[in-house]
Amino acid sequence: MHAMKWMTAALLALGGFNTAMPARAAQDLDCKLSFQLSGWSAFYKRAEGSGTVTCNNGQSMPVHIRAEGGGLTFGKTQVDDGHGNFTGVYDIHDVLGHYGGAEAHAGAQTSADSQVVTKGSVSLALSGKGRGWNLGIAFGAFILEP
């Protein structure tokens, strides 16, 4: 009987050392981008701007924005009221980097545009209202830098 208690205690002790604590799953953040962007295109598309990323954990970060690409595209545009919603973000710094995407656009005077760009597991749904004139299809990068 004494041997049985000792064996049970030993097994429980060994089991306690081998049991790993379950890893706490990180929750993705609800992060948003507000931005302004202006640029031009003549086969090559280039735009620059600035914005602010804010997350539901209280963090925020100013960002510099570049959009570059090529395709059959012509025009000049300015986005004054741009918004973006991120998915797949676990840390505010996950939003930085090069996103890839394609877009079709057309507008004269005032226009609205929306597109989704991705970078690995992070996606960014963009929408904005702007002015200018543009027409075409472009493929390229949407880049967020600190």
Which atom names give the shortest non-hydrogen contact between [X] and [Y], and what distance separates them?
X: Glu145; Y: Leu96; answer: C-CD2, 3.9 Å
X: Asp94; Y: Val122; answer: O-CG2, 4.1 Å
X: His64; Y: Gly49; answer: ND1-O, 3.4 Å
X: Phe142; Y: Leu144; answer: CE2-CD2, 3.9 Å
X: Asp28; Y: Gly88; answer: OD2-N, 4.1 Å
X: Asp80; Y: Gln78; answer: OD1-NE2, 2.9 Å

With a 3.5 Å distance limit and no angle check, can you tell me whether Asn85 reaches the backbone of Lys32 through a side-chain donor-acceptor pair?
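Absent.
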Any non-hydrogen side-chain atom of [X] less than 4.5 Å from a side-chain atom of [Y]?
X: Thr52; Y: Val63; answer: no
X: Phe86; Y: Asp30; answer: no
X: Val117; Y: Lys119; answer: no

Interatomic distance, Leu126 atom CG to Ile65 atom CD1 [nearest 0.5 angstrom]
8.0 Å
Salt bridge (Lys or Arg N to Asp or Glu O under 4.0 Å) evaluation trace for Arg66 with Glu48
CA-CA 5 Å; Arg66 289 186 297 133; Glu48 288 197 49; over 6 Å; no
Check whether [X] and [Y] end up in the same hydrophobic cluster, where Ile, Leu, Val, Met, Phe, Trp and Tyr are linked by side-chain heavy atoms less than 4.5 Å apart.
X: Leu124; Y: Ile92; answer: yes
X: Met61; Y: Phe35; answer: yes
X: Leu33; Y: Ile143; answer: no

